[in-house]
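Numbered from 1 within each chain, the chains take letters A, B, ... in sequence-line order. All values below come from the heavy atoms of this structure, side chains included, with hydrogens, waters and symmetry mates left out. Everything quoted here is computed from the prediction, not taken from an experiment.
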2 protein chains.
Amino acid sequence: MVTRDDVAKHAGVSVAVVSYVINNKAIVKEETRQKVLRSIEALGYNPNLAARSLKTKRTNQYGVLFNNLGNPFETGISLGLEEKARELGQSLIFQTFLRAEEEKLKTIFMGRTDGLILLGQSLQETTVQYFGKLGLPVYSITTPVHAHPSVRCIDIDWYKAMTDLLRHLKELGHTRIAFMGNANAEHPHHVRYLQFRRALEALGLSFDPASLMQADGRLESAYGVMKSHLADTSRLAFSAIVCANDLMAIGVLSACKDRGLAVPRDLSVAGCENILMASHTTPSLTTIHYPRRESGFLAVECILRREGGDAAQEAAEHLEHKLIVRESTGECRA
Amino acid sequence: MVTRDDVAKHAGVSVAVVSYVINNKAIVKEETRQKVLRSIEALGYNPNLAARSLKTKRTNQYGVLFNNLGNPFETGISLGLEEKARELGQSLIFQTFLRAEEEKLKTIFMGRTDGLILLGQSLQETTVQYFGKLGLPVYSITTPVHAHPSVRCIDIDWYKAMTDLLRHLKELGHTRIAFMGNANAEHPHHVRYLQFRRALEALGLSFDPASLMQADGRLESAYGVMKSHLADTSRLAFSAIVCANDLMAIGVLSACKDRGLAVPRDLSVAGCENILMASHTTPSLTTIHYPRRESGFLAVECILRREGGDAAQEAAEHLEHKLIVRESTGECRA
DNA sequence: TTGTAAGCGTTATCAA
DNA sequence: TTGATAACGCTTACAA
């Protein structure tokens, strides 16, 4: 390996000067600077990042915890994260978050990371404190970590989003609207459920608890839940269903197809997130667009500047959702 | 930050002993070992990974270069990589590969990586040599880097896979079969195209050059190409089409739907890879299953053991594809 | 079985 | 404007 010492020797200067040149300290005489640069080029030298990190206490690496990269929603955010990180000269370490291995995070990231970005997880008290003590900022996309105000959250305004979607359904004549998703407090979809309920109420519609379809976010899960629901029920208690994400909506579509239910004639189906597939299903899916790339951008920008909560929150307010009306929602005929 | 020195002081031993304990050197007396462990626990100590890397020249990190994580195929492989890496205590740095920034890889990964895993890219001569000189192994999934035998490639046997698929189509009576994909030599789909042609020939079928539909792998691209092809053509010159990946096949399905072409009645459509969506389109998609997770496993296992080419190649031969017949292919009626 | 001390490749302080 | 040199936190001979 070519080290800075080799460069110094080759250029006939001291090791310090090489450092100065690399780090663009202005003090170096242009002539020596060129000499050093030529040596760097000639030897093919690249600074050892581990050594630099050790000295500077800065890694230019961030840990990204995801639940399931197979979910195009998380993937979309990751793409935004990666793009912005690269632009700003930062690297990302991607890891599946496993609750059982939360403790390991401390070990894995020690001295290797300048902060953490969560894609919907809720860390434990002690973990957050640990990183806080180390001065490592933690940002969360989509899921507020209520217990820890130090963890900043980046998300769209789900109340507004749900209001847009429900108003659309109401205008089509729907009054009995179901919800599919995981409504438990620890789940990332909890916020969506809560705001769905709030928006529903604000529009003067009531919610039948029996119309809460618990599914875990995966397509197969939604498919299974809907299929057995349709098997058990002679007549649906709702004319429209809002799914916490598009994957589940697609699962619902599949189940309806299997059971001979026509969408949107017999049932209107809406998703959230607007993943690519949402526009290529049959029928195509009405959904709420979530600015995934932009939220990734924002997270990296904020964490790099270590901006306090206010700035992040303010920026997050500019994260705009958008109602996308397609074929899967139609007039209520029931 | 708590360092090893703090632990040593707290436990009343020398720094070396702390290291011995951490690295499980057997020589430490059980009593002192416990004492040290208690101190580690009490202080909440975790070894600084940058410092360790600097000393040991081992990072337990691997760089993963992808083209587009938005593609579920790459995502699937990444999930396999991540799962196995975590199991083996390794971390992954994910980066989009940009040809224009290939040079930067040397800088970004210097001293921070034990090797590179490519998801379909072809690195330049100099880059490969650079990493070779550093002793960093490079593995490629799906795309052989012909110029560099040192870069090991992990892939399924596309000749066999295409033969299975084409035999299926032939049995349905198809003789005029189109191909959609990027057939250029540098593109990851090139292998699929080549083996498609070989398999076609081996089955005694001929290929009409006009039936090569160039699309870049994305759904939208395929959709556009197919749509304009259908607009320009009064009568299709083929009765079946094989797409180099499922995304494009889904785009073709969309285009057919838009143009009022019934699949598989008017046209049989097949994809490759068997992504999740392939079983949820209308009609569902006939395709070749690619063991994405397994190929990710294999890549990490091989790169960790720094296994030579033969072992990797042999292992890769156990990577089994599988023909999945669904609704999108049917009897030839033309 | 434990301790001392020399590095790993940097950065940064302080003199020169 | 440059050059010594002391860290950074760790591993690992080698000595004790």
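Between the CD atom of B/Q34 and the C1' atom of C/dT1 there is a distance of 16 Å, given to the nearest Å. Rounding to whole angstrom units, CD1 of residue B/I22 and C1' of D/dT11 are separated by 10 Å. The NZ atom of A/K57 sits 13 Å away from the P atom of D/dA7 (whole-angstrom rounding). Atom CZ in A/R33 sits about 16 Å away from atom C1' in D/dT2, given to the nearest Å. As a whole-Å value, the separation of B/K9 NZ from C/dG3 P is 14 Å. Rounded to whole Å, atom P of D/dT12 lies 12 Å from atom CZ of B/R58. Look at CG on B/N24: it is 16 Å from C1' on D/dT12, rounded to the nearest Å. Between the C1' atom of C/dG9 and the CG atom of A/D6 lies a distance of 11 Å, rounded to the nearest Å.
Counting only distance, with no hydrogens or angles, the side chain of B/E74 and the backbone of B/P72 share no donor-acceptor pair below 3.5 Å.
B/D216 meets the salt bridge (Lys or Arg N to Asp or Glu O under 4.0 Å) test with B/R218; sequence neighbours excluded.
Taking the side chain of A/R4 as heavy atoms from C-beta on, and the options C/dT10, C/dT4, C/dA12, the nearest nucleotide is C/dT10. Closest to the side chain of A/V17, out of D/dT2, C/dA12, D/dC8, is D/dT2. For A/I27, whose side chain is taken as the heavy atoms from C-beta onward, the closest listed nucleotide among C/dC8, C/dA12, D/dT2 is D/dT2. For B/K29, the listed nucleotide lying nearest its side chain is C/dT1; candidates were C/dT1, C/dG9, D/dA4.
At C/dT1, none of the side-chain N or O atoms of B/K25 fall inside 4.0 Å of OP1 or OP2 (strictly under the cut-off). When the side-chain nitrogen and oxygen atoms of B/R52 are compared with OP1 and OP2 of D/dT11, one or more of them lie within a distance under 4.0 Å. Contact between the side-chain N/O atoms of A/S14 and the OP1/OP2 oxygens of D/dA4 is not found at any separation under 4.0 Å. Between A/N23 and C/dT11, a side-chain N or O to OP1/OP2 separation shorter than 4.0 Å is present.
Counting atom types as modelled, B/K55 pairs no side-chain N or O with a base atom of D/dG9 as donor and acceptor under 3.5 Å. Within 3.5 Å, no donor on the side chain of A/Y20 pairs with an acceptor on the base of C/dT10, nor the reverse.
Among the heavy atoms of the strands lying under 4.0 Å from A/T3 are primed sugar atoms or P, OP1, OP2 only; no base atom is included.
Looking at A/Y139 and A/I154, their side chains come closer than 4.5 Å, going by heavy atoms from C-beta outward. Looking only at side-chain heavy atoms (C-beta outward), A/S19 and A/R4 come within less than 4.5 Å of each other.
Axis angle, first five pairs versus last five pairs of the helix from C/dT1-D/dA16 to C/dA16-D/dT1: 40°, rounded to 10°.
Under 4.0 Å is where a charged nitrogen must lie from a carboxylate oxygen, and between B/E103 and B/K106 at least one such pair does.
Note: B/F94 and A/F94 have perpendicular aromatic rings, judged against thresholds of 30 and 60 degrees for the angle between ring planes. Ring geometry, A/F73 versus A/Y290: the interplanar angle exceeds 60°, so the pair is classed perpendicular (tilted spans 30 to 60°).
Counting non-hydrogen atoms of other residues, nucleotides and ligands closer than 6.0 Å to CD of B/E41 gives a total of 12 or fewer.
Nearer the 5' end of DNA chain C, as judged by each residue's closest nucleotide, is the contact made by B/T32, out of B/T32 and A/T56.
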